[in-house]
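Heads up: the structure comes next, in structure tokens.
Throughout, numbering of the chain's residues begins at 1 and tracks the sequence. Not measured: the values here are computed from a predicted model.
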Amino acid sequence: VGQPRPGETVVVSAASGAVGQVVGQIGKIMGCRVIGTAGGQDKCDWLVRELGFDAAIDYKAGGVFRALRAAAPNGIDVYFDNTGGPVLDAAISLMNLRGRIACCGNVSQYDVEKPAPGPMTVPGLVVTKRLRMEGFIVMDFYDRRAEAETRLAQWIAEGRIKAEVDILDGLKRAPEALIGMLDWNLAAQPALDLPRVLNLNGVTELEEKGDLPAQAAALRALGHEVQVRRHEGGLTAIRRTGDGWDGGADPRRDGVARGE
């Protein structure tokens, strides 16, 4: 959607988030000057120091337009918008002729009582600068998933992309992960470390990890019939079958490897 070209200037809002981190690093791989916006100077410093952004702007410090103009003296060619709001307003005003704007999120408006009005510069600057604004939803490109996964994996293996993940242990911490992501309390993409699923003859076995009663309750809430059974050797089985309970099965006897 953004079609970045070598030598162009790319701006990414919410750059310290899971999406923004990857977008900015891809921009660098494409040979672009990359500027990110984030909430807090620590996050901005981290973007430059750890992820290789050319510059980062703390939108909470105010003066977003002036700071962005100083960081992008030659204007903006591609803006990847995760936030809407004041950062979008400032970016549109600084877009170069025939610039491209990929609209991926509107996080600045997700939890407000009254949504802010849209940018005053739309459609004026969109027309005069011949800008292109397009919504970006990753599922529109599902047919290229394998290609994207292969390329991203290669870049990570080569050290050209750093994949930052905050790992929280157990399903019971899912609410904490969601709240932390929305409040920007986590520095990276939250991930839950859940039991490894081993499928054996229609029976689902889960390696013991975290709060098994909470995991069982979550599965029951999704409509699954679930039992928690403890066995010698430290393996806990959460079982569900289409034909009822397999009461005689034993994970060790049936070949479920413990921790392998």
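- Panel note: side chain R66, backbone V64; no donor-acceptor pair is recorded below 3.5 Å.
- Here the closest heavy-atom approach between residue G40 and residue D58 is recorded as N-OD1, 2.8 Å.
- Nearest heavy-atom pair across P4 and V78 is CA-CG2, 4.2 Å.
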How far apart are the C-alpha atoms of C103 and M133, what are their side-chain angles, what is the distance that settles it, and do they pass the side chain to side chain contact (heavy atoms under 4.5 Å, CB included) test? CA-CA 7 Å; C103 299; M133 294 183 71; 3.7 Å; yes
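- Contact between S16 and Q21 at its shortest, heavy atoms only, is O-NE2, 2.8 Å.
- In plain terms, the two heavy atoms of G24 and V34 that are nearest each other are O-CG2, 3.6 Å.
- Minimum heavy-atom separation, V19 to C104: CG1-SG, 4.5 Å.
- The closest side-chain heavy-atom distance from Y142 to I137 is not below 4.5 Å.
- Within the 4.5 Å cutoff, no side-chain heavy atoms of F53 are placed close to those of I35.
- Criterion: ILVMFWY side-chain heavy atoms under 4.5 Å apart, direct or through other members. Under it, V1 and V22 are not part of a common hydrophobic cluster.
- With contacts defined as side-chain heavy-atom distances shorter than 4.5 Å, the pair I76/L68 qualifies.
- Residues V12 and D81 form no side-chain contact, since every pair of their non-hydrogen atoms from C-beta on lies 4.5 Å or further apart.
- Under the 4.5 Å side-chain heavy-atom criterion for grouping Ile, Leu, Val, Met, Phe, Trp and Tyr, F80 is connected to F141 within one hydrophobic cluster.
- Separating the CD atom in E50 from the NZ atom in K43 is a distance of 15.5 Å, to the nearest 0.5 Å.
- Residue pairs meeting the salt bridge (Lys or Arg N to Asp or Glu O under 4.0 Å) criterion with at least one partner in residues 22-33, sequence neighbours excluded, are K28-D54.
- Taking 4.0 Å as the cut-off between side-chain N and carboxylate O, E147 and R145 do not count as a salt-bridged pair.
- In terms of heavy atoms, A38 sits closest to L47 at CB-CD1, 4.2 Å.
- A distance-only check finds a donor-acceptor pair linking the side chain of K129 to the backbone of S93 [under 3.5 Å].
- Counting heavy atoms from C-beta outward, Y79 and S13 have side chains that approach closer than 4.5 Å.
- Side-chain contact between W46 and Q41 is absent, with no heavy atoms from C-beta onward closer than 4.5 Å.
- Under the 4.5 Å side-chain heavy-atom criterion for grouping Ile, Leu, Val, Met, Phe, Trp and Tyr, V11 is not connected to I29 through any hydrophobic cluster.
- To the nearest 0.5 angstrom, Q25 atom CD is 12.0 Å from M30 atom CE.
- I161 is listed as a side-chain neighbour of L152, based on a closest heavy-atom distance under 4.5 Å.
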All N/O donor-acceptor pairs, side-chain side in residues 95-102, below 3.5 Å, sequence neighbours left out:
| from | atom 1 | to | atom 2 | distance (Å) |
| --- | --- | --- | --- | --- |
| N96 | ND2 | N74 | O | 3.0 |
| N96 | ND2 | D77 | OD1 | 3.0 |
| R100 | NE | G2 | O | 3.0 |
| R100 | NH2 | G2 | O | 3.4 |
| R100 | NH2 | Q3 | O | 2.8 |
| R100 | NH2 | E8 | OE1 | 2.7 |
| R100 | NH2 | E8 | OE2 | 3.4 |

